Amino acid sequence: MTGTLVLAGTPIGDVADAPPRLAAELASADVVAAEDTRRLRRLTQALGVTPKGRVVSYFEGNEAARTPELVAELLGGARVLLVTDAGMPSVSDPGYRLVAASVERDIRVTAVPGPSAVLTALALSGLPVDRFCFEGFLPRKAGERLSRLREVAGERRTLVYFEAPHRLDDTLAAMAEVFGGQRPAAVCRELTKTYEEVRRGPLAELAAWAAEGVRGEITVVVQGAPEPGPEDLGADELVRRVRVREEAGERRKEAIAAVAVEVGVAKRVVFDAVVASKRSAG
């Protein structure tokens with residue numbers, strides 16, 4: 001029988017947040033793969049646990065080479081525990097390669113849920129939490145960073161990012177440029193640690209604050225783009241909405257009237273857009 005891969009969430013700051021199952025898994029796993037074995041040693045000492053299994057490193061530099069070794073252990077029946085420095089493995093941390101390789105070979109993969117900087121920051125931000133998307137780290141180069149931000153400029157869901165403290169001011173300035181300086185956001189620093197801080201405000205204001213220098217682990221939460229008002233909808237969008245209703249079976253006259261009510265404009269505006277589109281199409 002094949003073994004089991006266990007992804008274990010570790011504390012993002014306060015070691016007291018470690019789930020009880022984490023200690024049990026650390027004590028019983030056949031192999032513990034850790035992003036940083038020194039940090040693992042500090043964690044096990046704090047939890048009063050001594051791993052019985054073999055401890056190996058598993059980080060960005062050796063992830064590709066070590067994955068086949070761990071898969072071989074799993075195929076041989078071992079229980080392999082994967083832990084990263086903080087939070088859940090594979091979420092902007094090593095782990096995805098091993099999970100994908102295990103799934104491909106029908107190896108069981110399970111998890112020990114634990115603290116999450118993404119969810120903690122989202123909950124503390126004061127921004128909408130009903131729908132969100134996690135964007136991880138932005139590119140380091142300014143041009144690539146702006147391009148990535150432009151891709152989600154119209155995203156309605158709340159956006160969550162990780163960022164290094166020495167790049168935070170540049171990132172917030174780029175966000176203000178692309179999303180607008182008045183877009184609400186929150187910078188969450190040192191979550192669950194002694195100097196935890198959540199700074200909320202418009203992106204332009206946060207960028208000015210960050211320019212003075214910020215330290216610690218950073219998670220940035222940005223409110224999604226606002227719903228477009230009537231003045232933001234171009235003729236092409238009005239025509240598209242009419243076409244969708246026509247394809248669903250509505251007559252054009254009713255579709256135009258319904259779209260006008262839906263977006264809050266006069267029927268004549270929608271009618272003229274449809275007529276102009278028909279003329280341009282020949």
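Since we're looking at a predicted model, the values are computed, not measured.
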Can you tell if the side chain of [X] reaches within under 4.5 Å of the side chain of [Y], non-hydrogen atoms only?
X	Y	value
Thr171	Arg145	yes
Arg105	Leu75	yes
Leu127	Pro184	yes

Worksheet, complete the sentence: Residue set satisfying side chain to side chain donor-acceptor pair (under 3.5 Å) with Asp272, at least two apart, ordered chain then number -> Arg268

Item to complete: Sequence neighbours left out, what passes side chain to side chain donor-acceptor pair (under 3.5 Å) with Arg157? Give chain and number order.
Response: Glu155

Sort and list the pairs that fulfil salt bridge (charged side-chain N to carboxylate O under 4.0 Å, His left out) and have at least one residue in [range], not counting sequence neighbours.
range	answer
residues 4-13	none
residues 85-100	Arg39-Asp85, Glu63-Arg97
residues 190-202	Arg189-Glu197, Glu190-Lys193, Glu197-Arg199

What closest approach, in Å, do [X] and [Y] show between heavy atoms, and which atom pair accounts for it?
X	Y	answer
Ala117	Thr219	CB-OG1, 4.0 Å
Ala225	Arg183	N-NH1, 3.5 Å
Val109	Ser102	CG2-CB, 3.8 Å
Val71	Ala101	CG2-CB, 3.8 Å

Using 0.5 Å steps for rounding, measure from the [atom1] atom of [X] to the [atom2] atom of [Y].
X	Y	atom1	atom2	answer
Leu70	Leu82	CG	CG	8.0 Å
Thr37	Phe59	OG1	CZ	9.0 Å
Ser277	Asp236	OG	CG	7.0 Å
Lys278	Ser280	NZ	OG	11.5 Å
Glu25	Leu81	CD	CG	6.0 Å

For [X], check salt bridge (Lys or Arg N to Asp or Glu O under 4.0 Å) against everything at least two apart and list the hits.
X	result
Arg156	Glu227
Arg54	Glu73
Arg243	none

For residues 42-53, please give each side-chain donor-acceptor pair under 3.5 Å, one per line with the distance, not counting sequence neighbours.
unit_1 : atom_1 : unit_2 : atom_2 : d
Thr44  : OG1    : Leu40  : O      : 3.2
Thr44  : OG1    : Arg41  : O      : 2.9

Do the side chains of [X] and [Y] join up, straight or via other hydrophobic residues, at under 4.5 Å, putting them in one cluster?
X	Y	answer
Met88	Leu191	no
Val118	Leu124	no
Val242	Val244	no
Leu98	Tyr96	no
Leu119	Val129	yes

Item to complete: Take Val160 and Glu135 through the test side chain to side chain contact (heavy atoms under 4.5 Å, CB included) and record every step on the way to the result.
Response: CA-CA 6 Å; Val160 185; Glu135 288 290 307; over 6 Å; no

Worksheet item: Is atom CZ of Phe134 surrounded by more than 12 heavy atoms (other residues, nucleotides or ligands) closer than 6.0 Å?
Response: yes

Worksheet entry | Greater than 12 external heavy atoms within 6.0 Å of Glu262's CD | yes

Discussion item. Test your reading of the model: is there a side-chain donor-acceptor pair from Arg167 to the backbone of Glu163, 3.5 Å cut-off?
Written reply: no

Discussion item. Taking Ser57's backbone N and O only, do any of them form a donor-acceptor pair with Asn62's side chain (distance below 3.5 Å, no angle check)?
Written reply: yes

Worksheet item: Would you call Arg251-Glu246 a salt bridge at under 4.0 Å N-O?
Response: no

Discussion item. So, using ring pair (Phe, Tyr, Trp, His ring centres under 6.0 Å) as the criterion, who are the partners of Phe137 when residues are at least two apart?
Written reply: Phe162

Discussion item. Checking one residue: Leu206. Which other hydrophobic residues are in its cluster under the side-chain 4.5 Å linking rule?
Written reply: Leu138, Leu146, Leu149, Val152, Leu159, Tyr161, Leu168, Leu172, Met175, Val178, Phe179, Val187, Leu203, Trp209, Val214, Ile218, Val220, Val222

Worksheet item: Looking at Thr4, Thr2, Val103, which hits side-chain contact (heavy atoms from CB on, under 4.5 Å) with Arg108?
Response: Thr4

Please table the atom pairs, donor to acceptor, closer than 3.5 Å between any side-chain atom in residues 5-23 and protein atoms at least two apart or in another chain.
unit_1 : atom_1 : unit_2 : atom_2 : d
Thr10  : OG1    : Thr84  : O      : 3.1
Thr10  : OG1    : Gly87  : N      : 3.4
Asp14  : OD1    : Ala16  : N      : 2.9
Arg21  : NH1    : Ala111 : O      : 3.4

Worksheet entry | Residues Thr158 and Gln223: side-chain donor-acceptor under 3.5 angstrom | no

